[in-house]
Student: 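Got a structure for you, written out below as structure tokens; questions coming shortly.
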Amino acid sequence: MSDFKGAMFLAEQIAREAGELILRGERDRFGERPEVESTKSSPTDVVTAMDRAVEDLLRRRLAEARPGDGVLGEEAGLEAGTTGLTWVLDPIDGTVNYLYRIPSYAVSVGLVTGDPTVPGDWQPVAACVHQPATGDTWTAASGEGSWLGDRALRLSPVPELSQALVGTGFGYRQQRRTGQARVLTGVLPKVRDIRRIGSAALDLCGVATGTLDAYYERGVNAWDIAAASLVLTEAGGALCGLRGAPPSPEMVVASADPLLSSLVELLTELDADTDPALTEG
Ligand code: IPD
Ligand code: CA
């Protein structure tokens with residue numbers, strides 16, 4: 001077995017264990033909403049005790065299994081390693097869905113080479129995105145393929161832009177959202193429809209699986225996309241930024257050509273990455 005496939009199986013094992021922890025918490029609360037512990041970039045950008053507990057669990061398991069690797073997690077930041085490999089973790093991607101008990105949230109565990117704090121400087125090599133509420137589990141290993149459960153993923157031919165179902169998301173800050181709303185008014189009339197699923201990782205896995213045709217968002221971080229981007233590229237899809245840039249917090253666009261190029265062109269015309277209203281927050 002390749003090293004990357006071994007890492008993929010480890011990612012799957014610990015993401016599933018994290019999923020069980022989340023579901024146990026749900027059962028123990030008997031339908032009550034989880035408590036918000038603190039907020040980050042805005043009062044609606046919440047952290048629950050479960051976000052922290054899941055990241056702690058993932059970090060503990062990785063320290064046991066692969067002590068030399070670095071770890072970058074959404075909640076606890078970067079711990080540098082010595083192997084040149086870094087695990088990039090989003091303990092609950094779709095925290096607001098988790099808070100409202102909407103099933104579209106996921107545990108995201110990716111392994112990357114390079115520096116995950118610098119856009120364009122890292123490459124995912126192994127991945128698991130696990131959706132505890134449905135039991136869906138996407139896995140991928142570089143050069144080996146990607147899977148939903150045991151089904152190998154291969155992108156179907158993409159429709160033209162006017163027929164495309166496009167996922168997107170919005171940031172937590174008011175100013176960021178004002179710009180995102182403006183861009184949305186330019187995109188919505190040009191596509192089949194828009195979906196705001198609430199988890200960037202599930203959006204990208206959706207494109208890989210064919211439940212979305214494309215996805216774009218400004219403001220996503222490496223932990224939102226590290227694992228799911230490999231699921232997509234191993235299924236034959238691609239991600240990029242605008243104006244030749246790599247995917248980054250400035251902009252992530254995901255699909256396959258020719259739809260990817262059409263969406264990039266539209267978003268560039270709309271200045272979706274450079275609008276001054278979007279530069280703060
Ligand atoms: C968020 C989700 C959401 C996206 C936001 C992300 P979180 O991550 O992925 O879909 O629109 O940009 O911040 O806060 O739920 O981990
Ligand atoms: Ca996230």
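Whatever order the structure lists ligands and atoms in, that order sets their numbers, starting from 1.
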Student: Under a 3.5 Å distance rule, please check whether Glu55 uses its side chain to pair with a backbone N or O of Asp90 as donor and acceptor.
Tutor: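 Side chain of Glu55 to backbone of Asp90, a donor-acceptor pair under 3.5 Å: no, none is there.
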
Student: Nearest 0.5 Å, please: how far is CG in Leu266 from OG in Ser261?
Tutor: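 It is 12.5 Å, given to the nearest 0.5 Å.
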
Student: With no hydrogens and no angle check, is any side-chain donor or acceptor of Arg218 less than 3.5 Å from a backbone partner on Met251?
Tutor: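 Such a contact is absent between Arg218 side chain and Met251 backbone.
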
Student: Taking all non-hydrogen atoms of both residues into account, name the closest pair between Pro43 and Thr39 and its distance.
Tutor: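 That would be O-CG2, 3.4 Å.
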
Student: Using a distance-only test with no angle check, is there a side-chain donor-acceptor pair under 3.5 angstrom linking Ser42 and Thr44?
Tutor: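 Yes, a side-chain donor-acceptor pair sits under 3.5 Å.
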
Student: Just verifying a value: how many Å separate Glu234 CD and Ser142 OG, rounded to the nearest 0.5 Å?
Tutor: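 Glu234 atom CD to Ser142 atom OG measures 5.5 Å (nearest 0.5 Å).
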
Student: Write the atom name of the N, O or S atom in Asp90 that is nearest the Ca ion (ligand 2).
Tutor: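 Considering only N, O and S atoms, Asp90 comes nearest to the Ca ion (ligand 2) through OD2.
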
Student: To the nearest 0.5 Å, what is the distance between CD1 (Ile225) and CG (Asp93)?
Tutor: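 One gets 10.5 Å once the value is rounded to the nearest 0.5 Å.
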
Student: Any idea which N/O/S atom from Asp224 gets closest to the Ca ion (ligand 2)?
Tutor: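 For Asp224, the N, O or S atom at the smallest distance from the Ca ion (ligand 2) is OD1.
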
Student: Could you identify the N, O or S atom of Asp93 positioned closest to the Ca ion (ligand 2)?
Tutor: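 Answer by atom name: OD1.
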
Student: What are the distances between nitrogen or oxygen atoms of ligand 1 and protein nitrogen or oxygen atoms, counting only those under 3.5 Å?
Tutor:
unit_1: ligand 1; atom_1: 8 (O); unit_2: Asp93; atom_2: OD1; d: 3.0
unit_1: ligand 1; atom_1: 9 (O); unit_2: Asp93; atom_2: OD1; d: 2.8
unit_1: ligand 1; atom_1: 9 (O); unit_2: Asp93; atom_2: OD2; d: 3.4
unit_1: ligand 1; atom_1: 9 (O); unit_2: Ala200; atom_2: N; d: 2.8
unit_1: ligand 1; atom_1: 10 (O); unit_2: Arg196; atom_2: NH1; d: 3.0
unit_1: ligand 1; atom_1: 10 (O); unit_2: Gly198; atom_2: O; d: 3.2
unit_1: ligand 1; atom_1: 10 (O); unit_2: Ser199; atom_2: N; d: 3.0
unit_1: ligand 1; atom_1: 10 (O); unit_2: Ala200; atom_2: N; d: 3.4
unit_1: ligand 1; atom_1: 11 (O); unit_2: Phe170; atom_2: N; d: 3.4
unit_1: ligand 1; atom_1: 11 (O); unit_2: Phe170; atom_2: O; d: 3.4
unit_1: ligand 1; atom_1: 11 (O); unit_2: Arg196; atom_2: NH1; d: 3.0
unit_1: ligand 1; atom_1: 11 (O); unit_2: Arg196; atom_2: NH2; d: 3.3
unit_1: ligand 1; atom_1: 11 (O); unit_2: Glu217; atom_2: OE1; d: 3.3
unit_1: ligand 1; atom_1: 11 (O); unit_2: Glu217; atom_2: OE2; d: 2.6
unit_1: ligand 1; atom_1: 12 (O); unit_2: Glu217; atom_2: OE2; d: 2.5
unit_1: ligand 1; atom_1: 14 (O); unit_2: Tyr172; atom_2: OH; d: 2.6
unit_1: ligand 1; atom_1: 15 (O); unit_2: Gly94; atom_2: N; d: 2.7
unit_1: ligand 1; atom_1: 15 (O); unit_2: Thr95; atom_2: N; d: 2.8
unit_1: ligand 1; atom_1: 16 (O); unit_2: Glu74; atom_2: OE1; d: 3.1
unit_1: ligand 1; atom_1: 16 (O); unit_2: Ile92; atom_2: O; d: 3.3
unit_1: ligand 1; atom_1: 16 (O); unit_2: Asp93; atom_2: OD1; d: 3.4

